[in-house]
Amino acid sequence: MKILVLNAGSSSQKSCLYDIADETLPIHPPDPIWQGTIDWTHQTGVAEVVVETAKETVEQKIPFEDRSTVVESMLATVWSGPTQVIENPSEIDAVGHRVVHGGQNYHDSVRITPEVKETIAQLAELAPVHNPANLQGIEATEAILGDVPQVAVFDTAFHAQMPNAAATYPGTYEWVEKGLRRYGFHGTSHQYCAERAAELLQQNLQDLKLITCHLGNGASLAAIRNGRSIDTTMGFTPLDGLMMGSRSGAVDPSILIHLLRHEGYDADKLDHLLNKESGLLGISGVSNDLRQVQAAINEGNPRAQLALDIYIHRLRACIGSMLASLGGLDALIFTAGVGENAANVRAAACEPFKFLGLKLDSQKNADRPRDQIISTPDSSISVLVIHTQEDWAIVRDCWKLLKNQ
Ligand code: ADP
């Protein structure tokens, strides 16, 4: 069975094709037979496309007017040209799409119908950058592959059954009625990491209390009990919670009122400030990329140092909050760009929890771990680094859904 995954973000479009045996799928993935990435940030009106198979890597810069044509020409490299891996597009059995916002409507992945497309479009109000890009991917697929079964896998779904106390903001009751609540994001990654952690720990996921730390450009934590998310740091939008690359995370809402009243801000300017000019970039003045912030710290830049100090402070505070929601902890899991690569961030995040008996193995932490336990055997809490595999999680959901229909 061949399943194509489309994962559209604001700045990139990642796609891959898996050829899977028609039996129970493992948690950990095989290699995809084809992968394509479009980077939209290269230069206005020019997309950088990289397509990879086991034998070939092809890089191209494509001038474009609308994104759909670039997506279509990238997908065509699956069945034509030097990266061809199948004879005909009809060999693709299903297509899975990462969709950022499923609102209150979807608690699980769903087969895409005209009604589902309509809901995704309506939810663009809550995810103005991502949902339209996701819909564009769905429509590009329809244009090329006709009525192939398509599945939407929502970033919000894993958190959809959070207890009301965790999901509800303490504003007015009208907010509850209008759906102004905590939705949470990165659900596919949190769920995959929880399942993979249970496998690595050789324990039943249902018996574990876990905190997953997805630390990429965007960052969020999830508190997981009985295999479900019961609390998370991102909220109504992916702006809440932790300090991120260029997003502020949670700030006192009165600061926004102050900026509106006294500094000439309007909604768009605030949106840009909080999402694009804040976080590591805003405080350091150097970059949203932690590697560059670290390099500036090594050169003695005090703003870069402050940025990292805040990042760690917020991370520790949010881990503490997830810990309290769980009322215990079996494993702390790090994933995504920062979580998988920054040993100093992991060590600093774990430091205050030593009093609970958490013991990090500093050698294992430093040795570029991947899908590994990095705590000592006598640590009361296991610490793991897991390479997140959102695309594979999407494949598994597609496969399960299509099997059960
Ligand atoms: P996205 O959220 O865009 O999917 P990633 O999960 O790929 O992002 O994470 C990207 C971030 O990971 C980079 O901005 C950078 O801050 C961080 N990162 C990647 N590699 C390293 C590293 N070796 N050391 C520290 N940070 C890293």
Side-chain angles (χ1 to χ4, degrees), residues 5-16 35 37-42 48 50 98-100 127 129-130 133-134 153 155 184-193 196 212-222 232-234 237-249 275-299 301 304-305 307-312 314-315 333-349 365-371 374 385-394:
V5 175
L6 263 74
N7 184 339
S10 52
S11 57
S12 68
Q13 159 88 53
K14 294 176 190 159
S15 309
C16 51
Q35 291 183 77
T37 307
I38 306 171
D39 183 349
W40 304 113
T41 60
H42 184 68
E48 196 170 74
V50 181
R98 175 187 174 206
V99 180
V100 165
V129 177
H130 290 94
N134 302 145
V153 179
D155 263 19
F185 298 88
H186 293 140
T188 315
S189 174
H190 288 300
Q191 184 169 19
Y192 171 81
C193 289
R196 181 75 173 130
T212 42
C213 308
H214 179 112
L215 309 176
N217 257 319
S220 71
L221 308 184
T232 189
T233 55
M234 280 182 172
T237 71
L239 182 55
D240 204 356
L242 296 167
M243 177 183 188
M244 304 176 221
S246 66
R247 287 176 234 165
S248 61
N275 280 296
K276 305 274 188 221
E277 299 174 338
S278 299
L280 288 173
L281 170 67
I283 297 295
S284 71
V286 174
S287 173
N288 64 323
D289 190 316
L290 186 64
R291 286 165 291 196
Q292 294 188 35
V293 175
Q294 300 269 19
I297 292 171
N298 297 341
E299 286 164 10
N301 182 325
Q305 183 65 57
L308 180 63
D309 292 348
I310 305 169
Y311 187 93
I312 299 295
R314 291 288 173 119
L315 178 56
I333 298 144
F334 292 95
T335 192
V338 175
E340 291 173 34
N341 294 299
N344 60 329
V345 170
R346 291 193 297 263
N365 183 39
D367 281 350
R368 305 183 65 78
R370 187 174 159 134
D371 288 17
I374 59 164
V385 176
I386 293 179
H387 176 54
T388 192
Q389 299 278 3
E390 288 164 299
D391 293 339
W392 180 243
I394 293 173

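Start at 1 and go down the list; that is how both ligands and their atoms are numbered. Source: prediction; values computed, not measured.
In this structure, a donor-acceptor pair under 3.5 Å is absent between the side chains of H186 and T232. Counted by atom type alone, D391 and Q35 present zero donor-acceptor pairs between their side chains at under 3.5 Å.
Heavy atoms of G218 come nearer than 4.0 angstrom to ligand 1 in at least one pair.
Side-chain N or O atoms of E340 include one that pairs as donor or acceptor with a backbone N or O of T388 at under 3.5 Å. Of the possible polar contacts, one joining the D371 side chain to the H387 backbone as a donor-acceptor pair under 3.5 Å is found. A donor-acceptor contact shorter than 3.5 Å is absent between the side chain of N7 and the backbone of K14.
Remark: ligand 1 and G216 share no N or O pair separated by less than 3.5 Å (distance only, no angle test). Considering backbone and side-chain atoms together, L290 places an N or O closer than 3.5 Å to an N or O of ligand 1.
Using a 4.5 Å cut-off on side-chain heavy atoms (C-beta onward), I386 and T212 make no contact. Side-chain contact between C213 and R346 is absent, with no heavy-atom pair separated by less than 4.5 Å.
In terms of protein heavy-atom proximity, atom 4 (O) of ligand 1 is nearest to K14 NZ, 4.6 Å. In this structure, the protein non-hydrogen atom closest to atom 15 (C) of ligand 1 is D289 OD1, 3.2 Å. Atom 22 (C) of ligand 1 has as its closest protein heavy atom N341 CB, 3.3 Å. The nearest protein atom to atom 25 (C) of ligand 1, hydrogens excluded, is given as R291 CG, 3.7 Å; this is a heavy-atom distance. Among protein heavy atoms, atom 2 (O) of ligand 1 sits closest to N217 N, 2.9 Å.
Heavy-atom proximity to A336, at under 4.0 Å, picks out these atoms of ligand 1: 6 (O). Distances below 4.0 Å separate heavy atoms of V338 from the following atoms of ligand 1: 12 (O), 16 (O), 17 (C).
Among the candidates N275, I283, L239, the single residue satisfying the side-chain contact (heavy atoms from CB on, under 4.5 Å) test with S248 is L239.
Here atom 5 (P) of ligand 1 lies nearest to G337 when heavy atoms of G337, S287, G339 are compared.
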